[in-house]
There are 2 protein chains.
Amino acid sequence: MAYTYDHPHPAVTVDIVVFTVKAGRLAAVLIQRAEWPHAGKWALPGGFVDIDESLKRAAFRELREETGLSAAYLEQLGAFGRPDRDPRERVITVVYIALAPADRLELQAGSDAQDARLFYVEELPELAFDHARIIGHAIERVRDRLDTAAIARRLMPKSFTLSELQHACEAVSGTPIDKRNFRKKLAALELVEATGELLQGGAHRPAKLFRIKP
Amino acid sequence: MAYTYDHPHPAVTVDIVVFTVKAGRLAAVLIQRAEWPHAGKWALPGGFVDIDESLKRAAFRELREETGLSAAYLEQLGAFGRPDRDPRERVITVVYIALAPADRLELQAGSDAQDARLFYVEELPELAFDHARIIGHAIERVRDRLDTAAIARRLMPKSFTLSELQHACEAVSGTPIDKRNFRKKLAALELVEATGELLQGGAHRPAKLFRIKP
DNA sequence: GCAAAAGTGTTTGAGGTACACCCATGC
DNA sequence: GCATGGGTGTACCTCAAACACTTTTGC
C-alpha cells in the first residue's frame, strides 16, 4: 500500500518520558534499540502516530504497549523536529511526560528483542537520536512544575512513609529538604492521612504508613 | 511532483499566537481566511513546515511573512493534533507563542486577499479550526508564566511610562495591581531606569518615561 | 549499648498586600 | 478651579527557612 501527497510530509511519532521514583531517586524508562539506526543504544519508548488517532491517544497506546501502564498521568512536553534528528526520514516527535509509581510499571525486562529498564536520571546511558536533549527538557519541566501534592498523588504507591515521600520530593527537586518544615507543610496541605499501619523491617523505629486523602 | 510513503503521513504546520499589548489590553494577531475551509473566519497566522526546516525556523518564517516581525520572542506552546481538526487531511500543528511590542508589528491590514488585524483577547471573532481552543491555552500559558520583567522586555516599546507598564501587566494577568506595590517591586527589581524625558499630552501631570536597564 | 531512621516546635526574615493623599497639567 | 492621571510610605500578615533533641527498633 502506498500513500501519495503533492508535497513532502514528515513522519510524526510520539515519545514518552516515563518518570518514576525508585529507591528515593528519580528514574526514567528506556528501551534498548535492536535495529538501525542507533542499534544497541537506549531510547525513549514511543512510536508512530496512527493517521486516525489523537496525539494523546497515541501516547497512551505506546505507554501501555511498552510499560503495561493503562492509566497514568500524561502531559505533553512539546514537539521536537530538527530536520536531521532521524537519518531515515524527516520525523517530528511529540513528547509526553508520564508519571507513575514504580510498583505499577510492568517492564518486559530482557524478554527478547528489546530490553526495557529503569535508569536513574543521573546515570543515563548513551541515548539514541536527540533523546538526551529531550530527557533534559523533561527533567527541567518536572523539576520546576511538580509540587508535593503532585508527587504524592502520581509517583507514590498506595501507602508510603513520610520519609519516602520526602525522598521522592528531594529526588524530583534535586535539593535536600528540611524534615520538620516538610512535615509542617504536609500537615497544612491536608493531603495525606495515616493508615494506622506501621512499616516494620528496618533496624530502627517503625514508620507510620500514610495514604492520599480522598 | 509527488511524494510517496508506505504508511500514511500527516501534514505538519506551525501556527503562531502573536501577543501584544495595545491600549493597555492584551491582543493577538489574526488573519482572515480567504479560502475553504472556514473561508471568512479568522485564524492564527501559520503555514506548512518545509521538509528541511526546523519547527522554530518555520515559525520565524511564518511570523516574518505575516507580521513583518524579524526578531521576536518565540516559545513553543505545544502540538495539537486531533484527527478531525482540519477537513482537508490529517494536520498536526505545532503552536508557538510570540511576544512583541505593538509598535513593531507591521500587519498587511486590508491589503487584498487576506486581512490581518489585532483583536483584544476578550473580543475574539469566530475562529477557524480549533484555533479558539489553541488561543485559550496560549492565554493561560501567558497568564501564569509571564512576569513583570518578561512583559517589560518583550511587550513594551523602547520607552514607556510606569503606568503603561502596569496596565500591560494587568492586561496579561487579568487582575488589577496596586500602584504603590507595583512601583516598589519595580524598584527592587532594578529593571528599568528613567530616560529623563517626560510624556506630555494628557490633560494631567506629565509622566516620566522609562527604558529597560541594559 | 549502639547504630539508624522516626518523630516533633519555635524563631526569624523576606516578601506580598492593604491602604490615602498631594502634585502637575489641560481645559 | 476642576478633572485627570502621576507620584509617594507605612503597617501587617503569611510563608519559607534555619535549627536539635528524644523515641523506637534490630543487632
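Each chain gets a letter, A, B and so on, in the order the sequences are listed, and its residues count up from 1.
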Next item on the list: With rounding to the nearest 0.5 Å, note down the distance linking CZ in B:Phe129 to CG in B:Asp86.
Entry: 4.5 Å

Margin query: Using the side chain to side chain donor-acceptor pair (under 3.5 Å) definition, which of the options B:Glu123, B:Glu170, B:His167 pairs with B:Arg25?
Written below: B:Glu123

Notebook entry, point to check: Got a sec, which residues hit salt bridge (Lys or Arg N to Asp or Glu O under 4.0 Å) with B:Glu193, two or more places apart in sequence or on another chain?
Noted result: B:Arg211

Rounded interatomic separation in angstrom, taking [atom1] from [X] and [atom2] from [N]:
X: A:Phe182; N: C:dA5; atom1: CZ; atom2: P; answer: 17 Å
X: A:His204; N: C:dA5; atom1: NE2; atom2: C1'; answer: 5 Å
X: B:Glu164; N: D:dT4; atom1: CD; atom2: C1'; answer: 15 Å
X: B:Leu199; N: C:dA24; atom1: CG; atom2: P; answer: 17 Å
X: A:His167; N: C:dA6; atom1: NE2; atom2: C1'; answer: 11 Å
X: A:Leu186; N: C:dG7; atom1: CG; atom2: C1'; answer: 13 Å

Check: Is a side-chain donor-acceptor pair under 3.5 Å present for B:Ser159 with B:Thr195?
Finding: no

Checklist line | A:Ser163 and A:Thr161: side chain donor to acceptor below 3.5 Å | finding: no

Anything under 3.5 Å between a protein N or O and an N or O of nucleotides 7-9 of chain D, put it in a table, one pair a line.
residue, atom, partner, partner atom, Å
D:dG7, OP1, B:Lys208, N, 2.8
D:dG7, OP2, B:Arg183, NH1, 3.4
D:dG7, N7, B:Lys179, NZ, 2.6
D:dG7, O6, B:Lys179, NZ, 3.2

Check: Can a salt bridge be assigned to the pair A:Glu75 and A:Arg145 using a cut-off of 4.0 Å between side-chain N and carboxylate O?
Finding: no

Check: Taking the nucleotide of DNA chain C with the closest heavy atom to each, which residue, B:Gly201 or B:Lys185, is nearer the 5' end?
Finding: B:Lys185

